[in-house]
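A short write-up of the structure that comes next.
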Amino acid sequence: MANARSGSLATILFLFMSSAALHKGAAQDPVVSQNLVTDNVTVVEGEMAIISCRVKNNDDSVIQLLNPNRQTIYFRDMRPLKDSRFQLVNFSDNELRVSLSNVSLSDEGRYVCQLYTDPPQEAYAEITVLIPPGNPIIEARDEVLSEGNETEMTCTAMSSKPAAIIRWMKGDKELPGKPKVELTYDKMYTVTSRLTFTVSKEDDGVPVICIVDHPAVKDFQAQKYLEVQYKPEVKIVVEFPQGLTREGENLELSCKFRGKPEPQRVNWLKVDDDVPSHAVITGADLYIENLNKSYNGTYRCVASNSIGEAYDDYTLYVYDAPTTTPKSTTATTTTTIITTTISYPEINQDTAPSTEPAAHDSRAGEGAPRTVDHAVIGGVVAVVVFAMLCLLIVLGRYFARHKGTYFTHEAKGADDAADADTAIINAEGGHTNSDEKKEYYI
């Protein structure tokens, strides 16, 4: 009844204003054209929508707002419609702005802005109501998974508008799903996405996340952690020795393993042979004393659980025991013998003290190289050779400077003289010429 009254009142006002506008237009043509504009509105259900009717170059024409049923919501600043959710935000010659609170899906539709001109102008504001989906529901076909098996998971986003988009993530990797969209009787959408994949042992404890994308919500997701069972992983670790395995030494091996469920059975065996009788097996450890080459072979640790079994091998090769005098001590022994050679000989208490030099004592450094004696002899020979070379150089230079012909005056009658002095006395000329120069060459 109230809506009918408001509609009648709006009709009367519309006719009155139209008549006034016609008379006004007949009296005076508009100089500048008027322009009525509005905007579409998208709002989430339960929130507030703002509808704005704006006029450019208004000449005092009346603005009103109508709902999708063509009922007047506001005529200028008056509200004929008795719906308190509509409230006037702003009214002026250039704008009529109205708010609608607590929007519901029934409020969706086309709203009309009217301007009483000649002819009347209309602009349309489309209100779109978004309805977010309910909490996503993620389900798994298998609660406990086995390594290598295929599993299936589903995620459902119900009662949304528009339809939601579902994405899948496993850890930090995105996986493709198969979506299915259903439209319900109340014009809502329900989306179900199905994911199928094969699990591995690395997937144990990894989250699978269902992400729902919708314009009405952000960061909407659900997740489920994978529980994957897998067969054991086995590794043999050598605890002792750290280097080569030699005869007479001990061997200690430790079997490291993990699996889900935890392995309950761990066995040691020797491939193609029996484990040595005196070997000690304690849980996952194998201990063998006093190794010899008959123990060579491949030793295997086997661990098993309800999913399966696995093993790791260790090949034993026993090397010869180290010699009593390692080669690495030769240099030390040689140094000691050399030191003994250049030291004074020890006195043998069973014999008399020797007066011979130490170098001649065969007990001192017997069998050792005479390194010091050779060095001394070499030094002496080098000095002698050097001295001889120097002497030859000096003599060569001397003879080079005194090179020439030498004349000697031999005493005549020397053959008849008894000796050299008599020959000189009896020589011709005697000593009369005392100034005569004589040279002798020896």
Side-chain angles (χ1 to χ4, degrees), residues 37-54 65 67-68 73 83-87 89-90 97-111 124-143 145 151-197 199 202-228:
V37 295
T38 187
D39 301 310
N40 294 330
V41 179
T42 300
V43 61
V44 178
E45 183 182 34
E47 296 183 358
M48 178 182 290
I50 302 294
I51 306 171
S52 175
C53 301
R54 300 181 300 279
L65 176 63
N67 66 11
I73 301 173
D83 188 343
S84 60
R85 295 183 303 150
F86 291 97
Q87 294 294 326
V89 178
N90 181 49
R97 189 189 311 167
V98 178
S99 66
L100 172 60
S101 60
N102 194 21
V103 176
S104 65
L105 186 60
S106 61
D107 296 322
E108 192 174 64
R110 188 174 71 171
Y111 289 72
Y124 304 101
E126 193 76 29
I127 291 185
T128 302
V129 179
L130 304 178
I131 301 178
N135 292 330
I137 301 172
I138 187 170
E139 296 177 334
R141 184 182 64 189
D142 307 302
E143 291 298 326
L145 307 169
T151 188
E152 183 179 281
M153 304 181 76
T154 58
C155 182
T156 304
M158 301 178 63
S159 302
S160 68
K161 180 179 174 299
I165 298 175
I166 296 179
R167 296 183 292 117
W168 290 95
M169 297 289 292
K170 186 181 73 171
D172 56 356
K173 181 180 179 182
E174 186 168 355
L175 300 179
K178 295 181 179 179
K180 180 181 178 182
V181 181
E182 296 178 357
L183 180 62
T184 60
Y185 67 93
D186 53 355
K187 298 182 180 181
M188 298 290 185
Y189 294 92
T190 296
V191 181
T192 302
S193 179
R194 193 177 307 276
L195 176 66
T196 304
F197 62 98
V199 297
E202 289 78 13
D203 293 330
D204 184 45
V206 174
V208 175
I209 307 172
C210 166
I211 302 173
V212 177
D213 294 330
H214 192 273
V217 291
K218 294 181 179 180
D219 299 328
F220 212 35
Q221 63 184 30
Q223 66 180 15
K224 188 176 184 64
Y225 287 89
L226 297 176
E227 184 177 352
V228 182

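Minimum heavy-atom separation, Pro207 to Gln223: CB-OE1, 4.1 Å. Pro136 and Gln221 make their closest contact through CG-C, 3.8 Å (heavy atoms, listed as atom of the first residue, atom of the second, distance). The two residues Lys224 and Ala140 make their nearest non-hydrogen contact at CE-CB, 3.6 Å. Across every non-hydrogen atom of Arg141 and Thr151, the tightest pair is NH2-CA, 3.4 Å. Between Thr38 and Ala125, the shortest heavy-atom distance links the atoms OG1-CB, 3.6 Å. Closest of all the heavy-atom pairs between Gly177 and Ser193 is CA-OG, 3.9 Å.
Inter-residue side-chain proximity for Thr184 and Met158 is flagged as unmet; no heavy-atom pair is nearer than 4.5 Å. At a threshold of 4.5 Å between non-hydrogen side-chain atoms, the residues Arg110 and Pro68 do not count as touching. Side-chain contact between Ile127 and Asp107 is absent, with no heavy-atom pair separated by less than 4.5 Å. A heavy-atom distance below 4.5 Å is found between the side chains of Val208 and Phe197. Residues Ile211 and Asp213 are in side-chain contact: their nearest non-hydrogen atoms beyond the backbone lie under 4.5 Å apart. Contact check for Cys210 versus Ile166: side-chain heavy atoms found under the 4.5 Å cut-off. Residues Leu130 and Pro162 form a side-chain contact, since some pair of their non-hydrogen atoms from C-beta on lies under 4.5 Å apart.
In this structure, the separation between OG1 on Thr156 and CG on Asn135 is 12.5 Å, given to the nearest 0.5 Å. For the atom pair Arg194 CZ and Glu152 CD, the distance stands at 4.5 Å (nearest 0.5 Å). In this structure, Ile131 CD1 and Glu45 CD are separated by 4.5 Å, a value rounded to the nearest 0.5 Å. Taking CE of Met48 as the start and CZ of Arg85 as the end, the distance is 11.0 Å to the nearest 0.5 Å. Rounded to the nearest 0.5 Å, atoms OG (Ser52) and CG (Leu65) are 10.0 Å apart. In this structure, the separation between CG on Asn67 and CD1 on Ile73 is 5.0 Å, given to the nearest 0.5 Å.
More than 12 heavy atoms of other residues, nucleotides or ligands sit less than 6.0 Å from atom CD1 of Ile50. Atom OH of Tyr189 has 12 or fewer heavy atoms from other residues, nucleotides or ligands within 6.0 Å. The 12-atom threshold is exceeded at CG of Asp186, counting heavy atoms of other residues, nucleotides or ligands nearer than 6.0 Å. Atom CE of Met169 sits in a crowded spot, with more than 12 heavy atoms from other residues, nucleotides or ligands closer than 6.0 Å.
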Given side-chain contact (heavy atoms from CB on, under 4.5 Å), test Asn40 with Thr128 step by step and report yes or no.
CA-CA 8 Å; Asn40 294 330; Thr128 302; over 6 Å; no
Could you please spell out the steps behind the side-chain contact (heavy atoms from CB on, under 4.5 Å) verdict for Lys170 and Leu195?
CA-CA 11 Å; Lys170 186 181 73 171; Leu195 176 66; over 6 Å; no
Given side-chain contact (heavy atoms from CB on, under 4.5 Å), test Thr192 with Glu182 step by step and report yes or no.
CA-CA 8 Å; Thr192 302; Glu182 296 178 357; 5.9 Å; no
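For Arg167 (side chain) and Glu174 (main-chain N/O), no donor-acceptor pair under 3.5 Å exists by modelled atom type.
Using a 4.0 Å cut-off between a side-chain N of Lys or Arg and a carboxylate O of Asp or Glu, Lys161 and Glu108 qualify as a salt bridge.
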